[in-house]
Amino acid sequence: MGERYEGHIGSVRGTASRDLAESNDVIDREAADSLLGVETAFDIPDLLALLPAFEDEIEAGERRLRECVRLLRAHRATWREIGDALQVSRQAAWERFRTS
């Protein structure tokens with residue numbers, strides 16, 4: 001009887017693992033579709049090829065953000081105002097952008 005019970009547990013675990021893997025695959029596909037803005041098959045090489053372009057976008061956004069903060073500070077915006085706009089504390093804003 002113990003063997004039968006253990007076999008059933010293994011079967012349940014296997015089914016749960018397959019279900020989890022399938023749900024993760026669906027989530028991954030939905031994330032990729034959302035990220036790319038189109039319906040697409042999940043293809044690791046194609047998504048990996050997109051990473052450099054996304055990194056470039058992040059770097060360009062960071063440069064624009066720093067320039068905007070520099071202009072705000074030049075026009076006497078406070079660190080509190082900048083922090084509030086970014087939904088962080090004034091201290092966090094100052095630490096992040098003090099050299100901008």
Side-chain angles (χ1 to χ4, degrees):
M1 179 147 170
E3 291 174 19
R4 185 173 182 195
Y5 177 75
E6 190 168 305
H8 177 70
I9 294 295
S11 173
V12 169
R13 284 184 183 149
T15 300
S17 295
R18 279 191 306 278
D19 290 348
L20 181 58
E22 288 172 6
S23 68
N24 284 341
D25 187 46
V26 168
I27 291 167
D28 289 344
R29 287 176 193 270
E30 289 174 357
D33 290 348
S34 173
L35 179 68
L36 302 173
V38 296
E39 295 273 335
T40 183
F42 185 74
D43 186 4
I44 290 174
D46 288 344
L47 288 175
L48 287 171
L50 293 173
L51 292 179
F54 291 151
E55 186 69 22
D56 289 346
E57 288 180 28
I58 291 168
E59 289 171 6
E62 184 69 22
R63 282 191 303 274
R64 288 190 303 269
L65 182 60
R66 287 187 173 281
E67 179 62 16
C68 186
V69 168
R70 189 188 68 72
L71 290 170
L72 284 164
R73 291 292 297 154
H75 287 88
R76 301 185 184 268
T78 67
W79 287 114
R80 176 165 308 286
E81 291 171 317
I82 293 167
D84 287 349
L86 295 172
Q87 297 180 350
V88 298
S89 69
R90 66 179 174 78
Q91 181 70 26
W94 178 80
E95 288 175 3
R96 182 174 177 189
F97 299 109
R98 69 179 176 238
T99 60
S100 293

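What you are looking at is a predicted structure, and each value in this text was computed from that prediction instead of being measured. Worth knowing before you read on, the calculation uses all heavy atoms, side chains too, and leaves out hydrogens, waters and symmetry mates. Numbering of residues begins at 1 and proceeds along the displayed sequence.
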Contact summary for [X] and [Y], nearest pair of heavy atoms:
X   : Y    : result
T78 : R73  : CA-NH1, 3.9 Å
A93 : I82  : CB-CG2, 4.2 Å
A49 : P52  : O-CD, 3.3 Å
R66 : S100 : NH1-OG, 2.8 Å

Inter-residue atom distance [X].[atom1] - [Y].[atom2], 0.5 Å rounding:
X   : Y   : atom1 : atom2 : answer
Q91 : R80 : CD    : CZ    : 11.0 Å
L50 : D43 : CG    : CG    : 10.0 Å
L86 : R96 : CG    : CZ    : 6.5 Å

For L48, all residues meeting side chain to side chain contact (heavy atoms under 4.5 Å, CB included), sequence neighbours excluded: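 Testing L48 for side chain to side chain contact (heavy atoms under 4.5 Å, CB included), a comparison that skips the adjacent residues, returns I44, L51.
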field: Steps toward side-chain contact (heavy atoms from CB on, under 4.5 Å) verdict (V69, W79)
entry: CA-CA 9 Å; V69 168; W79 287 114; 4.0 Å; yes
query: Is it true that R70 and E67 have a side-chain N and a carboxylate O under 4.0 angstrom from each other?
result: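 Yes, R70 and E67 are salt-bridged.
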- prompt: Is it the case that more than 12 heavy atoms not belonging to E59 sit under 6.0 Å from its CD atom?
  reply: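 Enclosed.
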message: For residues F97 and L71: do they belong to one hydrophobic cluster (side chain heavy atoms under 4.5 Å, members Ile, Leu, Val, Met, Phe, Trp, Tyr)?
response: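 Different hydrophobic clusters.
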